[in-house]
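Order of listing sets the numbers, starting from 1, for every ligand and every atom in it.
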Amino acid sequence: MAREFTSVGVVGLGTMGAGIVEVFARNGIDVVAVEISEAAVERGRVTLTGSTDRAVAKGKLAEADRDALLSRVDFQVGLDALHSVDLVIEAVPEHLDLKQRIFAELDRVCKPEAILATNTSSLSVTEISVATTRPNQVIGIHFFNPAPVMKLVEVVRTVVTSADVVADVEALCARLGKVDVTINDRAGFIANALLFGYLNHAVSMFEGRYATREDIDAAMKLGCGLPMGPLALMDLIGLDTAYEILDTMYRRGGRDRRHAPVPLIKQMVTAGLLGRKSGRGFYTYERPGSPVVVPDEQTPVAAESALADGARAIAKVGVVGSGTMATGIIEVFAKAGYEVVSVTRGAEKSAKVFEAVKTSLNKGVVRGKLSETDRDAALGRINWSATLEHLADVDLVVEAVVEELSVKKALFASLDEICKPGVVLATTTSSLPVIDVAMATQRPADVVGLHFFNPAPIMPLVEVVRTIRTSAETTATARAVCAALGKTGVVCGDRSGFIVNALLFPYLNDAVKMLEASYSTADDIDHAMKLGCGYPMGPFELLDVVGLDVSLAIQRELYLELREPGFAPAPLLEHLVTAGYLGRKSGRGFRDHTRR
Ligand SMILES: NC(=O)c1ccc[n+]([C@@H]2O[C@H](COP(=O)([O-])OP(=O)(O)OC[C@H]3O[C@@H](n4cnc5c(N)ncnc54)[C@H](O)[C@@H]3O)[C@@H](O)[C@H]2O)c1
């Protein structure tokens with residue numbers, strides 16, 4: 001018969017524990033909430049009441065329900081209070097010896113049939129279980145942060161966890177309104193194994209001054225639709241916890257150096273900069289525990305002051321090319337009020353681009369987002385040409401021709417001869433080094449990357465790629481132009497993948513490797529990232545949309561440039577591409593799209 005869970009214990013009321021208490025109490029289950037001292041109990045109580053008060057203020061919880069919820073929680077110091085609970089969830093800091101000590105103690109205190117669960121993110125549940133005399137009743141129940149919000153629970157069974165314990169815990173998750181994925185005991189399980197290499201890489205970008213914290217976070221939010229950027233997420237997780245997770249994953253997960261914690265993390269932990277919980281991490285918060293970011297010495301001055309930084313005035317813009325990106329970029333500039341000179345390779349191409357821009361603008365009219373007058377004005381601002389000579393008097397040129405270095409270099413050499421002095425020359429390349437293009441001109445200080453995302457009229461992000469020769473004035477101009485287009489321009493160095501692709505594709509590649517290793521299924525991995533981390537799409541959904549061939553090409557570039565062994569493309573990805581399974585566009589990728 002399935003176990004009844006009428007009362008549970010939670011050990012440790014920090015970032016996770018306090019949230020886990022709330023999850024149980026909300027669902028009518030009595031909780032004995034245990035901490036190490038009266039002061040720690042008080043902190044846990046404040047976190048719980050703060051969270052439930054916010055839920056009441058937002059109208060998500062009735063006052064009476066909050067009171068009932070709080071009355072179900074019995075705060076106690078010391079594990080002895082757990083003698084009669086049916087299940088204990090341990091959420092103390094991520095140290096194996098500490099957890100083993102606590103489990104040995106729980107084994108002594110709790111009734112023999114009680115299930116003992118750990119919320120560990122990366123430690124071996126098996127190693128924790130052997131500290132007890134009942135390893136078959138020990139299991140991992142890994143909640144996600146914030147526990148009351150995130151739907152996912154990873155249920156981790158060891159080789160000795162009894163099947164009935166697994167089944168009972170799965171049923172309990174359903175009762176809590178959570179979605180569970182049940183997996184074996186491996187470092188990082190699904191979500192953290194895919195997440196932490198990415199987080200560590202983002203920290204290394206910040207540490208190496210490749211981009212600012214705001215730009216790294218904005219890039220991942222706006223470029224990938226993530227609920228928060230990686231550095232803000234590190235602050236939410238807690239840098240001490242993140243350090244321990246990375247360190248364990250490095251040691252348990254095959255010493256992949258992408259999991260070796262970036263030195264800055266350890267320094268910040270030592271300095272007490274633990275993230276939200278201590279009031280300061282990568283960002284500064286109103287007070288410890290507050291989610292509200294306040295300005296500090298790293299906060300950039302407002303974008304409007306970019307002009308003061310020497311940004312040049314831009315009124316007339318040339319766009320070279322006639323593909324998807326060029327077409328979108330022409331529309332974006334014309335809609336924002338710039339005079340545009342479109343240069344294509346002939347009248348036929350220009351006519352095609354004109355039609356495409358018109359169709360897209362018309363969609364805006366139909367949806368009520370653009371008036372007919374504004375549409376006509378935007379179209380009227382575009383001049384169509386088939387010769388680069390017409391770019392002699394523009395203030396900015398955006399190149400969006402085929403992704404081939406020789407073609408781009410020849411074009412930039414011509415632009416160098418034709419364009420007036422002081423013009424900003426921008427390339428939209430997504431994979432070629434901008435410096436190669438810049439050096440085809442006699443004015444590399446004026447050359448910058450403007451990496452728009454597809455579809456350009458919709459995507460709010462532009463990566464502004466600064467080479468080692470780009471002048472501050474050129475970068476400021478590029479950034480001011482992005483702002484005038486209503487886009488967020490993030491500045492980064494001239495390295496393969498810039499910010500977004502460099503952080504995104506290795507994660508997607510890791511998901512393929514996880515599938516290839518048969519650790520989990522594509523459906524569960526997609527679920528884990530959507531429900532555990534709030535991603536808009538799971539990795540396999542996204543790979544099928546982007547195209548497996550495109551993804552493989554980007555991953556290869558990253559691997560070739562950065563020589564990071566962990567970036568080597570997953571063999572399964574290569575095989576699928578060879579087999580012609582390219583994703584949605586070919587009808588089949590990781591999933592079969594012909595039958596849907
Ligand atoms: N932070 C996250 O985003 C996250 C997400 C999922 C899982 N986890 C895992 O949850 C666990 C807890 O992490 P956290 O971020 O909540 O840590 P935390 O540092 O915020 O909280 C840990 C709490 O445990 C208490 N504690 C320490 N020793 C204790 C003892 N002997 N008895 C009772 N309480 C004790 C501490 O006082 C502290 O309040 C870790 O295993 C972590 O890997 C963390």
Would you tabulate the side-chain donor-acceptor contacts of residues 114-122 under 3.5 Å, counting partners in other chains and residues two or more places apart, or write 'none'?
from : atom 1 : to   : atom 2 : distance (Å)
T118 : OG1    : E90  : OE1    : 2.5
T118 : OG1    : T120 : N      : 3.0
N119 : OD1    : F143 : N      : 2.9
T120 : OG1    : E94  : OE1    : 3.1
T120 : OG1    : E94  : OE2    : 2.8
T120 : OG1    : S122 : N      : 3.3
T120 : OG1    : L123 : N      : 3.0
S121 : OG     : H142 : NE2    : 3.4
S122 : OG     : E94  : OE2    : 2.7

V262 side chain near Y243 side chain, heavy-atom distance below 4.5 Å:
no
Would you say the side-chain atoms of S129 and T126 include a donor-acceptor pair closer than 3.5 Å?
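Absent: no donor and acceptor within the cut-off.
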Going by atom types only, do T158 and D185 share a side-chain donor-acceptor pair under 3.5 Å?
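On atom types as modelled, these side chains do not qualify, holding no pair under 3.5 Å.
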Could you pull out all residues at least two apart from H527 that satisfy ring pair (Phe, Tyr, Trp, His ring centres under 6.0 Å)?
none
Contacts table for residues 223-237: side-chain donor-acceptor under 3.5 angstrom, sequence neighbours left out:
from : atom 1 : to   : atom 2 : distance (Å)
D235 : OD1    : F282 : N      : 2.8
D235 : OD2    : F282 : N      : 3.2
D235 : OD2    : Y283 : N      : 3.0
D235 : OD2    : Y285 : OH     : 2.7

Protein N/O near ligand 1 N/O, under 3.5 Å, which pairs?
from     : atom 1 : to   : atom 2 : distance (Å)
ligand 1 : 1 (N)  : I237 : O      : 2.9
ligand 1 : 3 (O)  : N145 : ND2    : 2.9
ligand 1 : 8 (N)  : S121 : OG     : 3.1
ligand 1 : 10 (O) : N119 : ND2    : 2.9
ligand 1 : 15 (O) : T241 : OG1    : 3.2
ligand 1 : 16 (O) : T15  : N      : 3.3
ligand 1 : 16 (O) : M16  : N      : 2.8
ligand 1 : 19 (O) : K277 : NZ     : 3.3
ligand 1 : 20 (O) : T15  : N      : 2.9
ligand 1 : 20 (O) : T15  : OG1    : 3.0
ligand 1 : 20 (O) : K277 : NZ     : 3.2
ligand 1 : 34 (N) : E35  : OE1    : 3.4
ligand 1 : 37 (O) : E35  : OE1    : 2.9
ligand 1 : 37 (O) : E35  : OE2    : 3.3
ligand 1 : 39 (O) : E35  : OE2    : 2.5
ligand 1 : 41 (O) : V92  : O      : 3.4
ligand 1 : 41 (O) : E94  : OE1    : 2.4
ligand 1 : 41 (O) : K99  : NZ     : 2.6
ligand 1 : 43 (O) : E94  : OE1    : 2.8
ligand 1 : 43 (O) : S121 : OG     : 2.8

